Amino acid sequence: MRWERALIPTLKENPQEAEALSHQLMLRAGLARKIAAGLYAYLPLGIKVIRRVETIIRDEMEKYGAQELLMPILQPRELWEVSGRWNDQELGMLKLKNREGSEFVLAPTHEEIITGIVRGEARSYKDFPFNLYQIQTKFRDEMRPRFGMIRAREFIMKDAYSFDVGEEMARKSYADMRKAYINIFRRCGLNFRIVEADPGAMGGEKSEEFIAVAENGEDVLAACEACDYATGADAAKKCPDCGGRMAKIKGIEVGHIFNLGRKYSKALSAKFLDPNGKECLPFMGCYGIGITRTVAAIIEQNSDEKGIIWPLEVAPYSVVVLCLDREETTVAESEQLYQELGDKGIETLLDNRDERAGVKFNDADLIGIPIHLIISRKRISEQKVEMKRRRDQIKLLIPRPEATGEVIRLLKDLKERHRGTEAQRHKEHK
RNA sequence: CGGGGUGUAGCUCAGCCCGGUUAGAGUGCACGGUUCGGGACCGUGAAGUCGGCGGUUCAAAUCCGCCCACCCCGACCA
């Protein structure tokens, strides 16, 4: 993408409305704009990051055999009457009526719908097991939205639902999703903890929350400094697993997995016939990831005084080419490099705006693109280009003909280093 | 929903207490010129229902009342 033709409205100053770090940065970097309290429009750069996270999620979900589907956001009252949740206060349901007087709710979650589908379509034990997921807008009418996308009323969520014929298999499904979630949040570059949680309005037998460590988080927990054990706030003084010291930390709930048992299949009588022709109720699990909230958490954990520092895999662009002056050769070289990178399948942004160098440097830092390629009259005369890493601001001079190859090498290096950090973090926590 | 705060140009804010010229600044935007490696400089210009409605007054951004929106703390929160 050429910056000249893109809508990336960066801001020099922090908007008054934003206090939380991720909120300020997502407004300043031109990722999103507020429409009303808790309602955001995702601008081009913002939706790109969201799509990146979604790609990771789809990839990991499908590794564990989950299939994507898409359900409606408007749901009829009747289904909710059957599950007994129509008057549930906890979900913050926004209810509405159409012209005929039929009542609906703007989906806060989809257990009722998915179970309704499965009831009609999966009649035999041979149809099981399966796991269905969707990525979709959810609406919860929060009393008080806050911290930008950390607590919004409308947000994007991945929700998955597993169906198994037996309890053991359901546990396996749950364990698989737990693994998938660990992979997902690692690939997002997040530092997170898993804590046992209260199933709350969802009901069921067991649930665990994935909490991204963040100062602006609303969840408080006690986490072991020596291993990865963590628990709800008012818990033990020392870690039961390793005897390490427990410290109080704050975090953002980015994921929540539930082993639901047969609560919904029973309530909505989703039955199947076993090999003996006997009616049985499937065991369910449901698994949510707040995608927009995950993006906020990534920003909370990855920034410096200059702006966002996207982990490579979620970055809206991998590379930004900064064309520093308007000289013909500089413009031509920048275009050429932009083409070369594009041909290699590298998502590149070309800053060809008629702006001064400082503006381009600052914007590139603010929007957090991992690799900056700086092209200027000065370097062209030396047959060189400058390559800068956003995270540590380290600049390298490389011969022009090797530029594309060097970018590819650095991208690979960043990928491996990311895996290394993951492995190390994981090891430390063991 | 309780408590606190804010609302003046796209954005950040001054002016309000103590009513009185054509309502200001910075930034952004447009145009011209000089610049050109870390948010340049000079000049010109466009841009405002002063959140809304009502009241007091000769006169309201400014005082009073009601309402609305947004932010923060709390209650609530998959």
Side-chain angles (χ1 to χ4, degrees), chain A residues 7 9-20 23-24 27-28 30 33-40 85 88-93 107-112 136 138-148 150-153 155-161 197-204 207-211 216-220 252-258 260 286-293 305-307 322-327 330 351 353-367 372-382 384-386 388 393 395 397:
Chain A
L7 181 70
T10 58
L11 301 171
K12 269 192 200 179
E13 290 172 292
N14 275 322
Q16 185 192 30
E17 69 190 62
E19 200 142 303
H23 192 192
Q24 293 178 343
L27 294 173
R28 286 228 288 136
R33 286 294 181 262
K34 184 179 70 184
I35 300 304
L39 304 178
Y40 288 87
R85 294 207 295 184
D88 205 312
Q89 294 303 305
E90 283 185 61
L91 290 165
M93 291 193 274
T109 182
H110 279 80
E111 279 79 17
E112 280 75 5
Q136 200 223 30
K138 292 281 190 288
F139 192 95
R140 289 183 193 174
D141 203 12
E142 298 287 348
M143 293 291 194
R144 189 188 152 210
R146 60 181 109 180
F147 304 142
I150 293 176
R151 176 166 297 286
R153 289 193 290 182
F155 54 98
I156 301 174
M157 182 173 178
K158 186 283 301 180
D159 47 321
Y161 305 87
D198 175 4
M202 306 305 285
S207 89
E208 287 171 296
E209 291 177 343
F210 288 71
I211 309 282
N216 284 309
E218 299 180 273
D219 298 83
V220 181
I252 299 166
E253 181 190 342
V254 287
H256 202 152
I257 56 178
F258 301 82
L260 294 173
C286 77
Y287 318 92
I289 290 178
I291 293 176
T292 36
R293 181 183 276 188
E305 64 290 341
K306 289 187 165 296
L322 306 189
C323 177
L324 280 204
D325 55 68
R326 305 297 281 179
E327 210 121 313
T330 315
D351 192 350
R353 294 176 297 170
D354 187 9
E355 288 287 352
R356 295 170 62 86
V359 173
K360 297 187 182 188
F361 285 135
N362 284 314
D363 272 347
D365 283 339
L366 177 61
I367 68 171
H372 304 178
L373 278 183
I374 302 156
I375 317 300
S376 68
R377 173 178 29 203
K378 194 162 104 189
R379 297 308 178 209
I380 283 175
S381 65
E382 304 165 1
K384 298 248 166 83
V385 302
E386 215 166 314
K388 190 181 94 172
Q393 301 282 111
K395 289 178 180 174
L397 269 184

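Quantities reported herein were computed from a predicted structural model and do not represent experimental measurements. For the numbers below, each heavy atom of this structure counts, side chains included, while hydrogens, waters and symmetry mates do not. Below, read A as the first sequence line, B as the second, and so on, with proteins coming before strands; counting in each chain starts at 1.
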Checking Glu19(A) now: which residues fulfil side chain to side chain donor-acceptor pair (under 3.5 Å) with it, not counting sequence neighbours?
none
Quantified in whole Å, what is the P atom distance between nucleotide rA69(B) and nucleotide rA23(B)?
30 Å
From CD of Glu17(A) across to P of rG7(B) the rounded distance in Å is 15 Å
When the P atoms of rC13(B) and rC72(B) are considered, how many whole Å apart are they?
14 Å
Pairwise C1' distance, rC36(B) and rC41(B) [rounded to whole Å]:
12 Å
Within the 4.0 Å heavy-atom criterion, would you say Asp159(A) contacts the bases, only the backbone, or no part of the nucleic acid?
nothing
Hits for ring pair (Phe, Tyr, Trp, His ring centres under 6.0 Å) against Tyr161(A), two or more places apart or cross-chain, chain-then-number order -> none
Sequence-distant partners of Lys384(A), side chain to side chain donor-acceptor pair (under 3.5 Å), two or more places apart:
none
Dump every N/O contact between nucleotides 73-77 of chain B and the protein below 3.5 Å, one line per pair.
unit_1, atom_1, unit_2, atom_2, d
rC73(B), OP2, Arg144(A), NH1, 3.3
rC73(B), OP2, Arg144(A), NH2, 2.2
rA75(B), N6, Arg146(A), NH2, 3.4
rC76(B), N4, Arg146(A), NH2, 3.0
rC77(B), O2, Arg151(A), NE, 3.0
rC77(B), O2, Arg151(A), NH1, 2.8
rC77(B), O2, Arg151(A), NH2, 2.0

If we take the C1' atom in both rC76(B) and rC18(B), what is their distance in whole Å?
44 Å
Out of rG38(B), rA78(B), rC11(B), minimum distance to the side chain of Gln393(A) belongs to rG38(B)
OP1 or OP2 of rU6(B) versus the side-chain N and O atoms of Gln16(A): is any pair under 4.0 Å?
no
Select one nucleotide: of rC70(B), rU12(B), rA78(B), the one nearest the side-chain heavy atoms of Lys34(A).
rC70(B)
I'd like to know if the side chain of Ser376(A) pairs up with that of Asp325(A) as donor and acceptor (distance under 3.5 Å, no hydrogens or angles considered).
no
If you check the Glu19(A) side chain, which of rC72(B), rA78(B), rG39(B) turns out closest?
rC72(B)
Considering every strand and a 4.0 Å limit on heavy-atom distances, what is the contact class for Lys360(A): base, sugar-phosphate, or nothing?
nothing
Residue list, side chain to side chain donor-acceptor pair (under 3.5 Å) with Glu218(A), at least two apart or on another chain:
Arg146(A), Arg151(A)
With rounding to whole Å, what would you report as the distance between rU22(B) and rA61(B) at their P atoms?
11 Å
Run the side chain to side chain donor-acceptor pair (under 3.5 Å) test against Asp219(A) and tell me which residues pass, sequence neighbours left out.
none
Got a sec, which residues hit side-chain contact (heavy atoms from CB on, under 4.5 Å) with Lys34(A), two or more places apart in sequence or on another chain?
Glu17(A), Tyr40(A)
Please write out each protein N/O paired with an N/O of nucleotides 32-37 of chain B under 3.5 Å, distance rounded to 0.1 Å.
unit_1, atom_1, unit_2, atom_2, d
rU35(B), O2, Arg356(A), NH1, 2.6
rG37(B), N7, Ser376(A), OG, 3.4
rG37(B), O6, Ser376(A), OG, 2.1
rG37(B), N1, Glu386(A), OE1, 2.6
rG37(B), N2, Glu386(A), OE1, 3.0
rG37(B), N2, Glu386(A), OE2, 2.6

Side chain of Lys12(A): nearest nucleotide among rG39(B), rG38(B), rC11(B)?
rG39(B)
Please enumerate all residues that pass side-chain contact (heavy atoms from CB on, under 4.5 Å) together with Ala107(A), with sequence neighbours excluded.
Ile73(A), Gln75(A), His110(A)
